[in-house]
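Values reported hereafter were calculated over all heavy atoms of this structure, with side chains retained and with hydrogens, waters and symmetry mates removed. Proteins get letters first, then strands, A, B, ... in listed order; numbering begins at 1 in each.
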Amino acid sequence: MSTTHASNASSSSSKAVVHRWSQTLIPTTRDAPSDAQMPSHIFMTRAGYIRPVGAGIYNYLPLAWRSLQKISHIIREELDAAGASEMLMPALMPTELYAGTKRDQDYGDLLFQLEDRHGRKTALGPTHEEVITDLMCGSLTSYKQFPLNLYQIQTKFRDEARPRAGLLRCREFIMKDAYSFHLELDGDAGLNATYDKMYQAYTNIFTRCGLDFSPVEAEAGPIGGSASHEFMVNCVNGEDTILVCPVSGYAANVEKAEIGNRNHDWTTAPTAEVTKHHTPGMPGIQLVAEHLGTDAAGMLKTLVMQTQEDTPRWVLAVVRGDHEVNEAKVRDAVGTAVQMADEKAAKEAGFAIGYVSPNMLEKLDMVMVIDPDAINNASWATGADESDHHITGFNWSRDLPSAQDKAIVADIRNAAAGDPSPRAEGATLEAKRGIEVGHIFKLGTKYSEAMGLSVLDQNQKKQDVIMGCYGIGVSRTLASCIESSHDDNGIIMPAAIAPYHVQIITIKPNEDGVLDHAFSLADELAEQGLDVLVDDRNERPGPKFKDADLIGIPLRIIVSSKAIEAGQVEFKQRTDEGKAQLINRSDVVDRCVSLIAH
RNA sequence: CGGGAUGUAGCGCAGUUUGGUAGCGCGUUUGACUGGGGGUCAAAAGGUCGCAGGUUCAAAUCCUGUCAUCCCGACCA
């Protein structure tokens, strides 16, 4: 790259480029395909960034690929600076690699599976924990090799039940995944130090990409592990809900968000007799509540779960009718993993599924966990423990006093907007939507134990290797950027990941000197490290302006014979309203450079 | 995986109810006039109507099957 003050902003490591519109492929369209709903999907298609190949499978055309390369380049710089090394693992992997971790079963249909000509079971990698752990089994031999942090940028495959929204949820997508290896948690070589470095690297990456994002605490999910954060692009169309405390700055995924202190009172005096009601054929809690003359918040929802132990115990989780039970929180309250009970087994044990009430506590040996909000009412509506019947008037102190001794009261539901903040007295949580573009985990020894990855430490003691893993959805990052940065006319790309920094539009390019002038200007810009797209098509100005708005290049220069004669060009940023402004030809290069470098 | 819908030219759609020559707009090609926010005129190219079977003298249209795509939900490092 040329020596320049803009070089740090030009994220391409090689020399800046000048490309002609007429010699690349940018198939813009006036209409979006009827199946595109989300703005990023509509505009990426209309602007000629992507074209569909099949459900959840896309061609990345030159504009998209240039952007993706720029995102990848930023990722490489930041991860290399954080001490990680790039490598590449295969997309194909033998299914037997999953023998130790059983994750092929956890993934289920999400895993693309195929058989090769010899009948060997093979999978297209949805992620690479098993491959890299297996690799390490044969290559990590001494405690002296730690810590180690390896990453790759690669195509991943997931057979999504329902791919949708263009690049936001694909079956084939580009992902950066990194894996770190340690012998201890603390200290310079420990997992925690690398985790913190990666947290910082992710913050740097998404900041450099020009994204409005929030790091939030997250559940580790089926990948397992002990701590995790998600990086969410803030966007009203996002699939994920996050909860934030405006006072303390606490932010967490809805799956993880804690709820601050809530009072509960067992002694509320009853206000009504227990009455049984016939409620046939009412599937939703909403319908039942209406029929009983109350609302969902006046009902108790009682879920039958089981511990995942060798001899499973029954677990009854009780929340207010308008709340959602959070399995992970139930797990923490009970002290062991739980899952929804098998319906058949639960019925055989005597649960009237769909009509279960807390009164079952007296009838069977079980663990009962109650959310504080499910206690305070004087009179609850709930199931009658027989098919097609509910009761009203249930009161904890009168009707089930034993719950006060036998049941566990704990936060076991998903947080919602308006709940008390767990980090600031008196503050309430707010709900926001986001798109997950990054996720970092402390895996611990889950994979090393399952696959036998251990080394001898300094004291010649065998130790399981401690792991972390760190993902970034590269193609999703591009889509989420557009999702949160566009207007009615098209995409507005941040300079750092735009396919080009500058677009030069020629007016009447077949007139003498116009094209020559445009290209010599383009060369000067490239000298300064800026990537330039020259719209050299012999089109009328209207369509060229419309196309420029669509593809969203940050800076626009308009070259016409009229302006050239006056020693001028026109200049406009993609974010500027209205017409371009005439500026001196001699100033335009510096102007572009300083805007890109800002 | 449940519920709903749709497959007709590159894109957006009409035609299907009531079987009878394959249509419209945009885009594309050629020529002319044009030239600052998706131009005008003239000419042209482009479709085995998703696929397979059936009914019929005759099927885009009716029947059966199948495949594909999308939407809502369930699911989701």
Side-chain angles (χ1 to χ4, degrees), chain A residues 25 27-38 41-42 45-46 48 51-57 101 103 106-111 125-130 156-166 168-171 173 175-179 218-225 228-231 239-240 253 255 283-284 340 435-443 446-447 467-473 476 488-490 505-511 514 535 537-550 556 558-563 569-570 572 577-582:
Chain A
L25 179 66
T28 58
T29 64
R30 192 192 296 252
D31 298 312
S34 57
D35 52 32
Q37 311 283 324
M38 305 273 284
H41 189 189
I42 292 170
T45 309
R46 283 192 56 205
R51 280 292 145 95
V53 176
I57 311 171
T101 62
R103 257 191 344 143
D106 290 348
Y107 266 109
D109 290 337
L110 210 55
L111 188 68
T127 175
H128 281 74
E129 281 82 0
E130 282 82 2
K156 297 282 196 269
F157 300 86
R158 284 190 205 168
D159 196 358
E160 290 286 349
R162 195 181 150 209
R164 70 188 108 172
L168 287 175
R169 182 163 295 275
C170 291
R171 294 196 298 166
F173 56 99
M175 178 170 171
K176 187 283 301 176
D177 49 327
Y179 306 89
E219 259 302 309
I223 204 161
S228 99
H229 286 85
E230 286 172 346
F231 289 76
E239 282 189 312
D240 297 304
N253 189 303
E255 304 291 329
M340 287 302 293
I435 300 167
E436 177 191 353
V437 290
H439 203 156
I440 58 179
F441 302 87
K442 294 181 185 176
L443 286 178
K446 173 178 166 139
Y447 291 89
M467 293 171 58
C469 88
Y470 318 89
I472 291 179
R476 183 185 271 188
D488 290 348
N489 296 316
I505 294 180
T506 57
I507 304 289
K508 293 195 220 175
N510 47 0
E511 282 190 356
V514 172
D535 190 347
R537 295 175 297 171
N538 189 17
E539 288 287 344
R540 296 167 58 82
K544 292 166 98 167
F545 291 138
K546 287 288 185 193
D547 279 347
D549 286 344
L550 256 186
R556 182 184 311 174
I558 301 156
V559 172
S560 65
S561 53
K562 242 185 333 196
V569 293
E570 288 157 89
K572 179 181 175 178
E577 296 287 331
K579 298 220 164 198
Q581 126 194 76
L582 273 170

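With B:G37, B:G36, B:G35 as the choices, the nucleotide that has an atom nearest any side-chain atom of A:Asn510 turns out to be B:G35. When distances run from any side-chain atom of A:Pro541 to the nucleotides B:U69, B:C71, B:G35, the shortest one goes to B:G35. Here the nucleotide nearest the side chain of A:Lys508, chosen from B:G35, B:G38, B:U28, is B:G35. Distance from the side chain of A:Asp549 is smallest to B:G37 among B:U69, B:G36, B:G37. The A:Ser34 side chain lies nearest to B:C13 when the options are B:G37, B:C13, B:C76. For A:Arg556, taking side-chain heavy atoms from C-beta onward, the closest of the listed nucleotides B:G36, B:G37, B:G35 is B:G37.
Along RNA chain B, the nucleotide nearest A:Ala165 and the nucleotide nearest A:Glu436 are compared for position; the residue whose nucleotide lies closer to the 5' end is A:Ala165. If you find the closest nucleotide of RNA chain B to A:Gly54 and to A:Arg46, the one lying nearer the 5' end belongs to A:Arg46.
What separates CD of A:Glu539 from C1' of B:G36 is a distance of 14 Å, to the nearest Å. Straight-line distance from the CZ atom of A:Arg540 to the P atom of B:G27: 12 Å, rounded to whole Å. Between the CG atom of A:Asp159 and the P atom of B:A74 there is a distance of 19 Å, given to the nearest Å. As rounded to whole Å, 15 Å separates atom C1' of B:G50 from atom CG of A:Asp35. Atom CG of A:Leu168 is separated from atom C1' of B:C70 by 16 Å (rounded to the nearest Å). The interatomic distance linking A:Asp31 (CG) with B:U28 (P) rounds to 13 Å, in whole Å. Here B:U34 presents its P atom at 13 Å from CD of A:Glu511, a figure rounded to the nearest Å. In this structure, A:Gln581 places its CD atom 16 Å from C1' of B:G36, rounding to the nearest Å.
The closest side-chain heavy-atom distance from A:Asp547 to A:Glu539 is not below 4.5 Å. Taking 4.5 Å as the limit, every side-chain heavy atom of A:Thr29 sits out of range of all side-chain heavy atoms of A:Thr45.
Atom C1' of B:G73 sits at a distance of 32 Å from the matching atom of B:U17, rounded to the whole Å. Comparing the C1' positions of B:A60 and B:U6 gives an interatomic distance of 15 Å, to the nearest angstrom. Between B:C13 and B:G27, the two C1' atoms lie 14 Å apart (nearest whole Å). The separation of B:A58 from B:A22, taken at their C1' atoms, amounts to 16 Å, rounded to a whole angstrom. Taking atom P on both B:G25 and B:U69, the two are 31 Å apart, rounded to the nearest angstrom. Separation of the P atoms belonging to B:C49 and B:U40 is 33 Å when rounded to the nearest angstrom. A gap of 23 Å separates the C1' atoms of B:G4 and B:A14, to the nearest Å. Here the separation of B:G3 from B:C11, taken at their C1' atoms, is 30 Å to the nearest Å.
B:U21 is unpaired under the criterion used here, namely a Watson-Crick or G-U wobble arrangement in which both key atom distances are under 3.5 Å. Both distances falling under 3.5 Å, in either a Watson-Crick or a G-U wobble arrangement, occur for no nucleotide opposite B:C75. A 3.5 Å limit on both hydrogen-bonding distances identifies no Watson-Crick or G-U partner for B:A59. With both pairing distances under 3.5 Å, B:C33 is matched to B:G39 as a Watson-Crick or G-U wobble pair. In a base pair of the Watson-Crick type (N1 to N3 plus N6-O4 or O6-N4) or a G-U wobble (N1-O2 and O6-N3), with each distance short of 3.5 Å, B:U66 is matched with B:G50.
Across all strands shown, A:Arg537 has no heavy atoms under 4.0 Å from either base or sugar-phosphate atoms. A:Pro543 comes within contact range of at least one nucleobase, with a heavy-atom separation under 4.0 Å. Residue A:Pro126 is in base contact, counting any heavy-atom pair closer than 4.0 Å across all strands shown. Contacts of A:Ala32 with the nucleic acid, taken as non-hydrogen atoms under 4.0 Å apart, involve only primed sugar atoms and P, OP1 or OP2. As judged by a 4.0 angstrom heavy-atom cut-off over every strand, A:Ile440 is placed among residues making no nucleic acid contact. Using a 4.0 Å heavy-atom criterion, one finds that A:Glu230 contacts no nucleic acid atom at all. Residue contacts shown for A:Asp240 are absent, as no nucleic acid heavy atom lies under 4.0 Å away.
Across every non-hydrogen atom of A:His128 and A:Tyr179, the tightest pair is N-OH, 2.9 Å. Among all heavy-atom pairs drawn from A:Arg537 and A:Pro509, the shortest one is O-CG, 3.4 Å. When all heavy atoms of A:His439 and A:Ala218 are compared, the pair lying nearest together is NE2-CB, 3.8 Å.
For A:Asp547 against B:G38, a side-chain N or O and a base N or O form a donor-acceptor pair under 3.5 Å. Remark: the A:Glu570 side chain and the B:G36 base include a donor-acceptor N/O pair separated by less than 3.5 Å. Contact of A:Lys572 with B:G37 (side chain to base): a donor-acceptor pair of N or O atoms is detected under 3.5 Å. For B:G12, the base has no donor-acceptor partner in the side chain of A:Thr29 [N/O atoms by modelled type, under 3.5 angstrom]. Applying the 3.5 Å distance criterion, the base of B:C76 shares a donor-acceptor pair with the side chain of A:Arg169.
Note on A:Arg30: a side-chain N or O is less than 4.0 Å away from OP1 or OP2 of B:G27.
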*Produce a footprint string for nucleotides 1-10 of chain B: one letter per nucleotide, 5' end first; B if the base is under 4.0 Å from any protein heavy atom, S if only the sugar-phosphate is, - if neither.*
----------
*asked:* salt bridge (Lys or Arg N to Asp or Glu O under 4.0 Å), that's the test. Do A:Lys446 and A:Glu129 meet it? Break it down for me.
replied: CA-CA 10 Å; A:Lys446 173 178 166 139; A:Glu129 281 82 0; over 6 Å; no
